[in-house]
Asker: 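Dropping a structure here in structure tokens format, bear with me for questions.
Positions are given from 1 along the sequence.
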Amino acid sequence: MNTSDTIIISTRLRLARNVDGLPFPHKLAEMPARQIIDKVESVLSPVDKFTRYDMSGISSLDGTILQEKHLISPDLLEDSPFGAVMISTDENVAVMINEEDHIREQVILSGLSLDQAYDRVNAIDDVLSKNIKFAYDKRFGYLTSCATNLGTGMRASVMMFLPALTVENMIDGCINEVGRLNMTVRGVYGEGSKAEGYLYQISNQRTLGVKESDIIDAVKGAINHIVEAELKARQLLKRDEPELIDKICRAWGVATSAYKLSTAEAMQYLALVRLGGYYGYIDISDGVEFQKLITSVQPANMQRLGGNNMSANERDILRARHVSAVLNDMCKKTVK
């Protein structure tokens, strides 16, 4: 596993747009809200094969699975009665409708892929803008429900795995430094969430008065700074290498042999296994598939795998079996 796979997990580009002349979603009546959904579906149909999910008809389990995959936000699932999402076949594109804004176009790609993600989301935006008149002001740019999204309406975020900065108690200082670069750092599921498994999302705060290319360059600069800091912190972790190896090997042992695992336990042990991949103590054959394992151990995904009637204990038992099977297939402990 290379350095990028052990620090930079994925990239997300999001554009916020609103239909000109209509109230924002929280003030929007059902009929125009449904019309926006139908219009977006119609416009996107020639672009790719999208699956439409209406929040009014989706089950709690299915909705939570989409949220665990980062395809929809908690707000769309919980607070958007006339909300919907269009998801591409490869699940790299998700267009949320009637969340905080009328339309939120999102592209998620693995690794540091800011330019590629922007190209794809921009192509989606071009198609939509040719068929839907967006609310736009010559002075302020794209008009959005939240003032912090005015201008480009673009959020560029990168998910990073930062165990050494966290363990060495250097993460707060790093967060303060990138904050001075107009970046924000959040947990694995965005604002208000925890950094489970040492996973953090770094994204731009400024959208007004800058170009999309400026945002991408700024995020790249912040990411490079954090990567350097994490690599230095990982060297510090090796000050007592026998202790580090023991901690990682214990995590491997539990992850591959436990009878049951809670979500929190799985996230912690898998984080240490991933760190072991960086140091070469564990051979991880595929970083992208390893990240899919992180998603698959989440509660709703486990519930889907085992059946809706599973108890919490049954889910934890299944999670342990699932983690063990995938790790033994994908990884090998190399340290003696």
Asker: May I ask you to decide whether R34 forms a salt bridge with D54, counting only side-chain N to carboxylate O separations under 4.0 Å?
Answerer: yes

Asker: Could you note down all residue pairs passing side chain to side chain donor-acceptor pair (under 3.5 Å) where residues 71-89 supplies at least one of them, sequence neighbours left out?
Answerer: S73-E99, S88-D90

Asker: So if you build clusters from Ile, Leu, Val, Met, Phe, Trp, Tyr with side-chain heavy-atom gaps below 4.5 Å, do I215 and I108 land together?
Answerer: no

Asker: If you define the side chain from C-beta out and look only at heavy atoms, does anything of N98 sit under 4.5 Å from M55?
Answerer: no

Asker: How many angstroms lie between NE2 in H70 and OG in S157, if you round to the nearest 0.5 Å?
Answerer: 9.5 Å

Asker: Assess whether a salt bridge exists between R14 and D101, defined as any Lys/Arg side-chain N lying under 4.0 Å from an Asp/Glu carboxylate O.
Answerer: no

Asker: Once you round to the nearest 0.5 Å, how far does SG of C331 lie from CD of E289?
Answerer: 11.0 Å

Asker: If you measure from CG on L275 to CD1 on I248, what distance do you get to the nearest 0.5 Å?
Answerer: 4.5 Å

Asker: Under 4.5 Å between side-chain heavy atoms, counting indirect links through other Ile/Leu/Val/Met/Phe/Trp/Tyr residues: same cluster for V210 and Y136 or not?
Answerer: yes

Asker: R120 pairs by salt bridge (Lys or Arg N to Asp or Glu O under 4.0 Å) with which of D125, D48, D115?
Answerer: D48

Asker: Between R155 (side chain only) and N204 (backbone N and O only), is there a donor and an acceptor less than 3.5 Å apart?
Answerer: yes

Asker: Would you say that M170 contacts L236 through its side chain, given a criterion of any heavy-atom pair below 4.5 Å between the two side chains?
Answerer: yes

Asker: Please examine the side chains of D316 and L261, heavy atoms only from C-beta on, and report whether any two atoms are closer than 4.5 Å.
Answerer: no

Asker: Mind checking whether Y281 and Y279 have ring centres under 6.0 Å apart?
Answerer: yes

Asker: Check whether F290 forms a cation-pi arrangement with R274 (NZ or CZ under 6.0 Å from the six-membered ring centre, at most 45° off the ring normal).
Answerer: no

Asker: Between Y200 and T166, is any pair of side-chain heavy atoms under 4.5 Å apart?
Answerer: yes

Asker: Looking at Q298 and M302, would you say the former's side chain and the latter's main chain have a donor-acceptor pair under 3.5 Å?
Answerer: no

Asker: Are any of the side-chain nitrogens in R52 or D38 under 4.0 Å away from the carboxylate oxygens of its partner?
Answerer: yes

Asker: Which distance, rounded to the nearest 0.5 Å, do you find between the CG of D283 and the CE of M330?
Answerer: 11.5 Å

Asker: Taking N18 for the side chain and L143 for the main chain, is one N or O donor matched with an acceptor at less than 3.5 Å?
Answerer: yes

Asker: Any heavy-atom pair between the side chains of L231 and I7 that's under 4.5 Å?
Answerer: yes

Asker: Once the angle between the rings of F134 and Y142 is folded into 0 to 90°, is it parallel (under 30°), tilted (30 to 60°) or perpendicular (over 60°)?
Answerer: perpendicular

Asker: Is there a side-chain contact between L44 and L128 in this structure, where contact means two heavy atoms from C-beta onward sitting under 4.5 Å apart?
Answerer: yes

Asker: Has T144 got a side-chain atom pairing as donor or acceptor with L150's backbone, closer than 3.5 angstrom?
Answerer: yes

Asker: Quick test of your reading of the model: are R239 and E168 salt-bridged, counting only N-O distances below 4.0 Å?
Answerer: yes

Asker: Side chains of L327 and L293: does their closest heavy-atom pair fall under 4.5 Å?
Answerer: yes

Asker: Membership question, hydrophobic clusters at under 4.5 Å side-chain separation (ILVMFWY): are M267 and W252 in the same one?
Answerer: yes

Asker: When you check the side-chain N and O atoms of T6 and R234, is any donor under 3.5 Å from an acceptor?
Answerer: yes

Asker: Is the side chain of S257 donor-acceptor paired with the backbone N or O of V254 at a distance under 3.5 Å, no angle test?
Answerer: no

Asker: Looking at Q291 and G287, would you say the former's side chain and the latter's main chain have a donor-acceptor pair under 3.5 Å?
Answerer: no

Asker: Any heavy-atom pair between the side chains of K130 and V43 that's under 4.5 Å?
Answerer: no

Asker: Please confirm whether the backbone N or O of K211 pairs with a side-chain atom of T152, one donor and one acceptor, at under 3.5 Å?
Answerer: no

Asker: Near K220 NZ, under 6.0 Å, is it more than 12 heavy atoms from other residues, nucleotides or ligands?
Answerer: yes

Asker: Main chain of M183, side chain of Q205: is a donor-acceptor contact present, judged purely on distance under 3.5 Å?
Answerer: yes

Asker: Counting distance only, does the side-chain N/O of E230 pair as donor-acceptor with the main-chain N or O of L165 below 3.5 Å?
Answerer: yes

Asker: According to salt bridge (charged side-chain N to carboxylate O under 4.0 Å, His left out), does anything in residues 250-262 pair up with another residue at least two apart or in another chain? List the pairs.
Answerer: D246-R250

Asker: Just by distance, do the side chain of S324 and the backbone of R321 share a donor-acceptor pair under 3.5 Å?
Answerer: no

